[in-house]
Amino acid sequence: MSTDPVIADAARDAVLEAEASALDDRDPLSHHRERFVGAETSLVYFDGNSLGRPLAATAQRLDRFVREEWGGRLIRGWDEAWMDLPFAIGDTIGRVAIGAAPGQTIVGDSTTVLLYKLVRAAFDAQRAADPARVEIVVDRDNFPTDRYLVEGIAAERGGRVRWIEVDRRAGVDAEALASAVGPETAIVVLSHVAYRSGYLTDAASLTRVAHDAGALILWDLCHSAGSVPVEADAWSFDLAVGCTYKYLNGGPGSPAFAYVADRHQDALAQPIQGWMGAADVFAMGPEYRPAAGMRRFLSGTPPILGMLAMQDTLALIEDASIAAIRRKSVALTEFAIRVADELLAPLGVELASPRDPRLRGGHVTLSHPAMREVTARLWERDVIPDYRDPGGLRIGLSPLSTSFAETLAGLRAVEAAIPR
Ligand SMILES: *Cc1c(COP(=O)(O)O)cnc(C)c1O
C-alpha cells in the first residue's frame with residue numbers, strides 16, 4: 001500500500017467496494033431486495049430489526065382488503081375469514097419462522113401484553129403446583145418491557161424477581177442461568193437474541209437448564225423470529241412471544257405472536273379474560289369459561305388490519321427459507337464487522353457484539369462515546385441506524401432487504417460522521 005494517506009485510503013475503499021460487490025453478486029437472496037418499497041433509493045436502512053421495510057406487494061394487499069374484504073364483505077368477513085386469522089397466521093409463523101407444529105401459536109395483542117398474559121399464567125400455575133416456587137428469573141439487560149412486566153407481576157402476585165447480572169456486550173449463557181435457577185424458580189424470562197448486543201443464546205441448552213430446575217421458561221423471540229433458526233418444539237420451549245414488525249415486516253404496531261406448547265395449554269389461565277377467549281364466543285354466557293387450546297389466550301377482538309402485511313413477508317421467508325436467511329445474515333454481520341475493524345476501529349470505535357458468528361444474531365452494535373450525535377447526523381443524511389445507550393450504534397442488517405453495498409455505504413457514512 002502507498003505511504004501517501006490519501007492514496008492508501010482510496011486503495012482501501014476500492015478493496016472494500018470490490019468485496020461488497022462480489023458478495024452481492026454471489027448472494028442467492030439478492031433479488032428479493034427490489035421487492036421492498038424504497039429499495040431503489042440511496043437511503044441506507046440499518047433498522048430493519050426495529051421496524052422492517054414494507055414489501056411493495058403489501059400496498060396492493062392493503063388496498064384490496066379495504067375495497068374487497070372490508071368494503072365488500074363487511075361484517076360477514078368475520079365469519080368468512082377473520083375469526084380464524086389469529087390461528088391461521090399463528091400456524092404460519094409456527095411453520096415458517098419458529099419451528100412450531102400447528103395449534104400452538106396465535107397472533108394477538110402487543111408483545112408486552114402477551115408477555116404479561118403468559119408470564120402471569122405460568123407463574124400462577126407453577127406456584128399452585130408448588131408454593132415454594134415464587135421467583136421469576138430475568139437478566140438485567142433484557143429489554144425494558146420484559147423487566148418491567150416481571151417486576152409488576154412479582155409485586156402483584158407476592159413473588160420475587162431474581163436478577164442475572166450480564167455483560168452488556170454478551171448475554172446470558174447456560175452457566176449464568178444454572179446459578180440463578182433452583183427449587184424457588186417458577187419461570188425464567190429470557191431473550192433469544194439480546195436487543196442490545198445481538199448475543200444469540202443457545203436456547204435449547206438454556207431450556208434444559210430451566211427444566212432441570214423444575215422451572216418453566218418463556219423465550220422472547222422479538223429479535224430472532226424471521227432472522228435466526230428457532231425450533232420451539234424440538235428445543236422443548238414452554239412459552240414464547242415475539243414481535244411481527246421487526247424481521248417479519250408487519251408494519252408499525254402490528255400485533256405480536258404467542259407460542260404455548262401443547263402440553264401446557266389447558267393448565268394455564270391467563271389474566272385478561274375476554275369474550276374472544278371464552279369457550280363459546282357467541283354464547284355470551286353469564287360467566288367466563290376458557291376455551292380449549294390456544295383460543296383461551298385471546299382476549300378481545302383481534303386486530304385484523306395489523307395482520308395483513310406480515311403475511312407477505314411470511315410467504316417470502318417460506319420461499320427463501322430461514323436457513324438461507326441465516327447464512328446471509330451471518331455474511332452481512334461478518335462483513336459489517338470486517339469493515340468496522342478497518343474503517344472505524346482506528347477512530348476508537350469498539351465492537352459491542354460477539355465476534356463469534358455462532359453467538360451473534362442479525363445485528364451488530366458499535367460503541368463510541370459520540371454515537372448519540374453520530375446517529376443524529378446520520379439520520380439527516382438518510383443513513384438510518386439506531387442508538388442504544390451507552391454509546392451504542394446499532395446496525396440492524398435485515399437479510400431480505402439489505403445488500404452488502406448498502407452496508408458498506410452506511411459504514412462509510414459512520415466513518416465520516418465520527419468526530420476527530
Ligand atoms: C421490540 C421488543 C419488544 C417490544 O414490545 P412491544 O410490546 O411490541 O412494544 C419486547 N421485547 C423485546 C426483546 C424487543 O426487542
Side-chain angles (χ1 to χ4, degrees), residues 46-53 86 89-90 93 97-98 106-120 136-153 164 166 168 170-172 187-201 203 206 217-228 230 232 237 239-259 270 272 297-300 302-303 305-307 309-310 313 329 352-353 360-365 385-389 392 394-398:
F46 281 160
D47 233 342
N49 60 330
S50 252
L51 176 65
R53 291 184 112 141
I89 300 179
I93 291 173
I98 67 165
I106 51 161
V107 178
D109 314 285
S110 67
T111 298
T112 299
V113 171
L114 288 176
L115 266 164
Y116 175 71
K117 296 205 280 196
L118 296 192
V119 174
R120 220 193 84 149
I136 309 177
V137 172
V138 65
D139 65 289
R140 285 259 186 233
D141 208 33
N142 208 333
F143 191 80
T145 219
D146 303 57
R147 290 184 280 111
Y148 301 162
L149 280 166
V150 159
E151 288 188 297
I153 292 168
I164 302 176
V166 29
R168 279 191 169 154
V172 181
I187 177 163
V188 176
V189 177
L190 291 177
S191 287
H192 185 208
V193 172
Y195 81 101
R196 199 195 310 263
S197 69
Y199 181 85
L200 171 63
T201 306
L206 272 70
I217 188 161
L218 178 143
W219 285 104
D220 185 325
L221 305 176
C222 283
H223 281 283
S224 42
S227 158
V228 300
V230 179
F237 284 8
L239 307 163
V241 297
C243 292
T244 61
Y245 52 79
K246 292 175 177 168
Y247 292 104
L248 300 180
N249 309 79
S254 65
F257 64 85
Y259 163 92
Q270 61 95 352
I272 306 177
F297 299 99
L298 292 186
S299 295
L305 272 176
M307 295 181 198
M310 67 181 80
T313 299
S329 170
S353 293
R360 196 171 65 229
H363 66 270
V364 167
T365 297
D386 68 18
Y387 175 79
R388 290 290 179 266
D389 258 337
R394 204 173 60 164
I395 309 285
L397 300 163
S398 194

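Read the numbers this way: they start at 1 and go in the same order the structure lists the ligands and their atoms.
With sequence neighbours excluded, no residue forms a ring pair (Phe, Tyr, Trp, His ring centres under 6.0 Å) with Tyr199. A search for ring pair (Phe, Tyr, Trp, His ring centres under 6.0 Å) contacts involving Tyr387 returns nothing, not counting sequence neighbours. Remark: Thr365 pairs with no residue by the side-chain hydrogen bond (donor to acceptor under 3.5 Å, both in side chains) rule, at least two apart or across chains.
Between Leu298 and Ile106, the closest side-chain pair of non-hydrogen atoms falls below 4.5 Å.
If you look at His363 and His223, their ring centroids are closer than 6.0 Å.
Between Asp139 and Arg147 there is no salt bridge, since no side-chain nitrogen of the basic residue lies less than 4.0 Å from a carboxylate oxygen of the acidic one.
Sorted by chain and number, the residues within 4.0 Å of ligand 1 by heavy atom are Ser110, Thr111, Thr112, Phe143, Thr145, Asp146, Ser191, Asp220, Cys222, His223, Cys243, Tyr245, Lys246.
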